[in-house]
Structure formats: C-alpha cells, structure tokens
Amino acid sequence: MKSKWKKLLSGLVVAGLAIGLVPPVAAKAESNSWSGEAEVYIGFGGDKEEENDWGYQYNDPNNAGNAGDIVATNSTIKVGDTVTVSLEFPTEVTNTWWMAPVVVAENIGEFDAEVSLKIDGEDVAIDSSAGDAWWYEATGDNDDKHAIRLAGGFNEWGTQYIEEPSGFKKVEYTITLNRATTVEEKSYESEDYTGDVEVFVGFGGDKDEENDWGFQNNSPENEGNAGDIVATNATMKVGETATVSLEFPSEVVNTWWVAPVIVVNDVINLDADVSLKIDDQDVDIDLSAGDAWWYEATGDYDETQAIRLPGGFNEWGTQYISEPTGFKKIEYTITLNKVEVGVASNGDASLIAENPEAAAGEVDKNGTYNAYIGIQTPKFSFRNSWFDAYGKDDADNPGFFDRVTGWTADGEAVELPGTISDAVIEGNGTYEVSITGMEFPEDEFKDQEYMNLIFVDTDIPNTGDITISDMQLSVNGSSVSINPVISPDSTDYLVMLIQNIWNEDVATIGYYPVPVTDIKITFTVSGFDYDNTNAAVTEEETTAAAADATEAAADSEVKSEEKGGLGTGAIVGIVVGILAVCGIGAGVVVSKKKKGNE
C-alpha cells in the first residue's frame with residue numbers, strides 16, 4: 001500500500017503521467033480567438049431503481065436515447081459568460097455511472113473555464129488535479145469533434161473529480177468561460193507504415209523501500225535507467241508479433257507505472273493486440289479502462305515519437321491491470337495488426353505530429369503578460385506553475401497559488417511562511433520575481449541539499465516570438481550563474497527551467513546555501529514591439545550585481561573548502577530523476593488532452 005502523501009501529490013508532482021491522453025490524430029493548426037456561442041448541458045448515466053438498470057440517462061438535449069423523465073435546464077455560453085445547467089430527477093438516483101458538464105463547440109484549441117457543482121443544493125468539492133481540465137469526447141448525438149467534457153464529473157471507468165454521487169435528486173453545474181481559441185486544421189492523407197517499430201517496456205517502481213524509485217526503465221538508450229534490470233527489447237514490423245520483457249534482480253516493492261511502448265512518428269491509426277505475463281502467469285488486461293493507444297513522452301522520446309499501448313498500470317492515471325508488486329519478471333507480447341501514418345497535403349509528414357490543442361494563441365507583441373516564480377523542495381513543498389494542478393487559485397483550488405505550500409506528516413496541505421513577488425511583463429526589459437522569508441520544517445533538506453525545481457513560468461504563448469535570457473539566480477543573497485532552458489513539457493506557455501532534477505538537459509547549478517530562505521530571479525525579456533524603460537536594469541545596477549555575484553561565489557568556494565569538498569548545499573549536477581520516465585518536468589506542466597472512455 002502506497003503512502004497517502006504520495007497520492008496527494010500526484011496532481012502537482014507528476015501531472016501528465018498518462019492522466020490525459022494525446023489525441024491520436026492531430027494536424028498542424030492556426031489558433032484564433034473564439035467568439036462563438038456554445039450549447040451547454042449535463043451528460044448523465046445512472047440507475048433509477050436498481051443497479052445496472054440505466055433508468056436515468058441524459059446524453060444531449062436532442063437525443064432520443066435520454067431516459068427517466070429528467071427535467072434538464074440547459075444553456076448557451078460565450079467567452080465571459082457564467083451559466084448554470086442542471087438535471088432534476090423524479091426519484092433519487094440509485095447509482096451514478098458517469099456525469100459531466102458538456103459544451104458543444106468544434107475546433108477548440110484552448111478552453112479555460114471555471115466549474116463549480118451543487119448536488120441537492122449543497123456545494124461539492126471538485127478535485128481538479130484528478131485529470132484534464134477539458135477534452136473532446138463523443139456524447140449523445142455529438143461526436144468527438146464537437147462534444148467537450150469539462151472537469152468536475154464522475155466516471156465509474158475513468159477519471160473521478162468527485163466522489164460517486166448517489167441518493168440525490170438534483171445536480172447543478174455553474175460554468176464561467178474565461179477564454180477560448182479555435183484552430184483550423186490542415187488536410188492530410190494516411191498511408192500504411194512499412195518501416196521498423198522499436199518496442200520496449202517502460203517502468204518506474206521501488207526496489208528496496210517505498211519511494212526509492214530504484215527500478216526504472218525509460219527507454220533502451222536512456223542513462224536514467226536504474227536498478228540492474230535486464231531488458232529484452234524488440235524491433236518489429238506490421239504483421240509481426242514480438243515479446244518484450246523486464247527481469248529484476250529482486251522483487252519489485254511498488255510499481256508506480258508500467259506500460260508497453262512503441263516508437264514511431266506521425267501515427268494516426270494503430271491496431272495492436274497486447275497480452276501480459278507476470279512471473280510467467282497470464283494477467284487479464286481491462287481494455288475498457290482507457291485508450292487503445294496514445295502518444296506520451298517517455299525517456300529519450302518526446303510525445304511525437306513514443307506511443308503507449310494499453311496493458312499497463314499508472315498510479316496517477318489509467319490502470320488496465322491491478323497494481324503489480326512482489327514480482328521479478330514482466331513480459332508483454334504485442335502483435336501489430338495495422339499502423340497508418342499521416343502525410344500532410346504538402347507532403348510534410350511532421351505536420352501530423354503537432355497537437356493543435358497545444359497552441360495557447362498568438363503573442364500580442366504590444367500586450368501585457370505575467371511572470372511567476374515556481375519552486376519545489378525535496379519534501380515537495382511547492383509553488384506550482386499558474387496553469388498546473390494546485391496552480392492559479394480558483395473555486396476548486398483555493399489558496400494554493402499565492403503562498404508556499406507544505407505538507408504535514410499526515411499528508412495535509414499547509415501554508416508555510418514566504419512572500420511571493422511576481423512580475424508584470426510590459427514590453428522588453430529586465431524583470432525580477434522572488435520568494436523571500438521562507439521557513440521550512442527542520443528535515444526539509446535533510447536527505448537532499450538542493451531544490452527539486454526552480455523555474456519561471458509565464459502566460460506568454462510558447463510560439464518562439466518572445467525570448468527570456470540573461471537569467472540570474474540569487475539564493476539567500478548568494479548569486480549563481482545559470483543557463484536555463486525552455487521547458488520541453490510546456491507546449492502552451494513559455495516556461496524557463498532553472499533547476500529540474502527530472503530533466504537532464506537543465507544545466508548544472510553551482511553552490512547555493514540551504515535551507516533556502518530567499519530566492520530571487522532576474523531575467524531579460526525581448527521580442528515585443530515596445531520597450532518598458534521602467535523595467536530595465538541600469539548599467540550601474542548590472543555591474544553591481546555582477547560584483548556581488550563574484551564576491552558571493554568566492555565566499556561560497558571558501559566555505560565549501562572549509563567543509564571538505566562541496567559540502568552542504570553543493571550541487572555538482574542535475575540528477576537524472578525518477579519522473580523523467582514520462583519525459584516531463586514535474587509540477588510545471590498540465591495538459592488539455594483527450595481521454596478515452598470517460
């Protein structure tokens with residue numbers, strides 16, 4: 001049994017670990033502001049008198065398959081509107097199988113909405129970290145290009161944002177639509193794939209004790225693999241059957257995720273048979289639990305290359321099998337029946353792999369944006385990205401964004417001391433973000449004397465038009481030279497990673513003192529069509545900062561030598577980490593992707 005705190009952290013530490021699935025078909029698209037009006041209603045399926053009678057169904061306002069004399073209050077919505085939709089039942093609902101607020105709109109690339117829920121007039125808490133904020137899914141007469149499910153519902157076979165509701169007579173959602181964009185998909189054609197397909201088993205789990213992540217197999221060539229696992233990989237073609245496996249030197253204590261993975265670009269259609277043996281015993285796979293296949297970054301492969309197949313287990317996402325523990329060998333047999341790849345009308349196949357949902361819109365080069373500081377400690381105290389789970393405050397996640405949040409021994413979130421200062425970006429110039437006056441529990445840096453994450457996230461669309469450079473990090477008054485990278489996991493918005501122990505591409509950070517009390521980051525923004533002279537750092541200030549940095553570095557070196565070697569608070573490299581299994585920067589990414597069977 002895994003500990004409570006690990007599960008509570010699933011939304012903010014490992015957001016994106018197969019919780020939302022990348023749509024298998026995606027053509028390159030242009031993004032534009034949406035100014036339309038969309039129909040809104042509640043989709044519902046449940047029991048009226050006894051289990052499995054499905055006596056109450058509401059699939060959409062025009063669907064003859066609706067059942068149960070339900071009184072539905074529907075609405076329409078535009079950007080900026082707040083509307084309430086509801087279902088009233090003549091008798092108490094015996095069981096709820098699925099329920100979700102549904103919006104009907106096509107070609108949506110971004111959809112930012114706030115959702116609240118009342119059942120029988122009482123407020124119901126929605127766990128927004130449970131899954132995606134929205135996704136296309138066929139509902140009633142509306143196919144998966146028109147019906148959008150919003151977070152806030154319950155699905156017996158999928159994501160559960162709320163506890164299963166039963167014994168009620170009225171359900172009511174209030175929805176505020178803050179922002180939406182549309183995408184115009186470009187045409188493409190499909191063709192059969194005849195090339196080689198690399199196959200392996202991806203895995204992350206514990207070797208000796210819970211949370212040690214001592215067993216990892218991220219990809220055949222990934223140096224982040226750990227635990228002396230003997231991996232049998234394969235290369236196959238369509239029509240062939242291959243067996244891939246992992247053998248462990250000792251019994252696996254916990255499995256956090258496992259899945260069969262194939263590597264091929266630009267797939268738009270795939271049909272495969274998957275079977276599983278654990279310690280040579282057949283294991284049943286519940287194929288109805290989720291999608292038949294999906295792109296997801298894994299190890300050395302990004303989300304345009306690595307495809308997960310059903311048959312695995314994910315602590316934070318879809319579970320096609322029960323959690324496997326206490327085993328030494330896991331073996332998948334895969335038959336590839338059909339693989340089709342997309343070729344754009346201009347012959348550029350790479351267009352197909354791009355996800356139109358990733359576009360956050362065009363940059364307004366005369367506009368105003370925001371920059372935020374983000375952190376995560378060894379004990380997972382945090383300030384997340386504004387767009388992530390436990391990010392920007394709303395009705396479902398109140399009180400997390402404008403504070404530093406820590407955890408009690410029982411896994412409860414608590415506010416920690418610290419003053420957060422973000423920046424408003426008004427044109428080209430130099431800006432600063434900071435968290436000062438932080439106080440952490442005594443054991444926060446006991447086992448690890450550096451941060452998991454330090455980053456700057458923005459609401460600037462990640463289009464490449466705006467550049468953030470010349471970043472300077474100051475920790476407890478000591479400046480550290482850094483070479484940040486653009487987060488590969490934030491396709492929507494521009495995020496600069498300074499430290500991420502799960503991303504080996506982030507440059508090494510030099511010495512900084514712990515426990516951390518103050519973090520300040522300065523950076524230069526360019527690419528706008530106007531300058532903010534008030535935000536510019538003068539030459540004298542820059543020179544003074546450089547002098548302080550030199551002095552601090554020298555002082556740090558002396559302290560390090562006095563302690564013998566690097567000593568407390570030293571960082572000699574970024575650890576290739578436990579959550580790189582899915583190729584994401586933990587706590588700094590959230591996706592809006594399609595789910596299956598939800």
Quick one: OG1 on Thr241 to CE on Met236, what's the gap to the nearest 0.5 Å?
-> 6.0 Å
Determine yes or no for a side-chain-to-main-chain donor-acceptor pair under 3.5 angstrom, with Thr298 supplying the side chain and Glu296 the backbone.
-> yes
State the CD-CD1 distance between Gln160 and Ile162, to the nearest 0.5 angstrom.
-> 9.0 Å
Roughly how far, to the nearest 0.5 Å, is the CG atom of Asp60 from the CG atom of Asn66?
-> 6.5 Å
Check whether any side-chain N or O of Thr94 sits under 3.5 Å from a backbone N or O of Lys48 as a donor-acceptor pair, and report yes or no.
-> yes
Hey, is the main chain of Val363 close enough, under 3.5 Å, to the side chain of Asp465 for a donor-acceptor pair?
-> no
Steps toward ring-ring contact (aromatic ring centres under 6.0 Å, His included) verdict (Trp386, Tyr493) = CA-CA 10 Å; Trp386 69 271; Tyr493 300 100; 4.8 Å; yes
Kindly indicate, with the supporting measurements, whether the criterion side chain to side chain contact (heavy atoms under 4.5 Å, CB included) is fulfilled by Asn452 and Phe380.
-> CA-CA 8 Å; Asn452 290 346; Phe380 299 104; 3.9 Å; yes
N/O donor-acceptor pair under 3.5 Å between Asn217 side chain and Gly202 backbone = no
If you take all heavy atoms of Tyr320 and Ala289, which pair is closest and at what distance?
-> CD2-CB, 4.0 Å
Which of parallel (below 30°), tilted (30 to 60°) and perpendicular (above 60°) describes Phe327 and Phe248?
-> perpendicular
Run the side chain to side chain contact (heavy atoms under 4.5 Å, CB included) check on Leu150 and Tyr161 step by step: do they pass?
-> CA-CA 10 Å; Leu150 301 182; Tyr161 297 89; over 6 Å; no
Distance-only side-chain donor-acceptor flag, Asn74 / Tyr58, under 3.5 Å = yes
Just by distance, do the side chain of Asp132 and the backbone of Trp134 share a donor-acceptor pair under 3.5 Å?
-> no
Distance flag, aromatic centroids of Phe44 and Tyr56, threshold under 6.0 Å | no
Roughly how far, to the nearest 0.5 Å, is the CD atom of Glu340 from the CG atom of Asp266?
-> 13.0 Å
Are Lys277 and Asp282 close enough for a salt bridge, meaning some N to O gap below 4.0 Å?
-> yes
Tyr173 side chain vs Val115 backbone, donor-acceptor pair below 3.5 Å | no
Would you kindly say whether Asn178 and Glu114 are connected by a side-chain donor-acceptor distance under 3.5 Å?
-> yes
Distance-minimising heavy-atom pair for Phe313 and Ser322 = CD1-C, 4.1 Å
Ile321 and Ile285: CA distance, side-chain angles, deciding distance, side chain to side chain contact (heavy atoms under 4.5 Å, CB included) verdict = CA-CA 6 Å; Ile321 61 173; Ile285 296 173; 4.1 Å; yes
Looking at side-chain heavy atoms only, is the closest gap between Pro324 and Thr255 below 4.5 Å?
-> yes
Could you walk me through whether Ile108 and Thr182 pass the side chain to side chain contact (heavy atoms under 4.5 Å, CB included) test, one step at a time?
-> CA-CA 4 Å; Ile108 297 296; Thr182 60; 4.2 Å; yes
Electrostatic pair Arg179:Glu110 at N-O distance under 4.0 angstrom | yes
With a 3.5 Å cut-off and no angle check, do the side chains of Asn52 and Asp47 form a donor-acceptor pair?
-> no
Can you name the one residue among Asp271, Asp192, Asn269 that meets side-chain hydrogen bond (donor to acceptor under 3.5 Å, both in side chains) with Lys338?
-> Asp192
Any donor-acceptor pair under 3.5 Å from Glu240 side chain to Lys237 backbone | yes
For Asn500 and Leu497, indicate whether the former's side chain and the latter's backbone hold a donor-acceptor pair under 3.5 Å.
-> no
Please name the residue in the list Val252, Leu246, Asp228 that meets the side chain to side chain contact (heavy atoms under 4.5 Å, CB included) test with Phe215.
-> Val252
Taking Thr96 for its side chain and Pro165 for its backbone only, find out whether a donor-acceptor pair lies under 3.5 Å.
-> yes
d(Ile262 CD1, Leu336 CG) to nearest 0.5 Å is 5.5 Å
Do Asp206 and Trp213 have side-chain atoms, one donor and one acceptor, less than 3.5 Å apart?
-> no
Hey, does Trp256 have a side-chain heavy atom less than 4.5 Å from the side chain of Asn211?
-> yes
If only atom types and distance count, is the side chain of Glu106 paired as donor or acceptor with the main-chain N or O of His146 below 3.5 Å?
-> no
Flag if over 12 foreign heavy atoms under 6.0 Å of CD, Glu37 | yes
Would you find more than 12 non-hydrogen atoms of other residues, nucleotides or ligands less than 6.0 Å from Ile486 atom CD1?
-> no
Rounding to 0.5 Å, atoms CG (Asp300) and CD (Gln305) come to a distance of 9.0 Å
Please check if atom CG in Asn337 has more than 12 non-hydrogen atoms from other residues, nucleotides or ligands closer than 6.0 Å.
-> yes
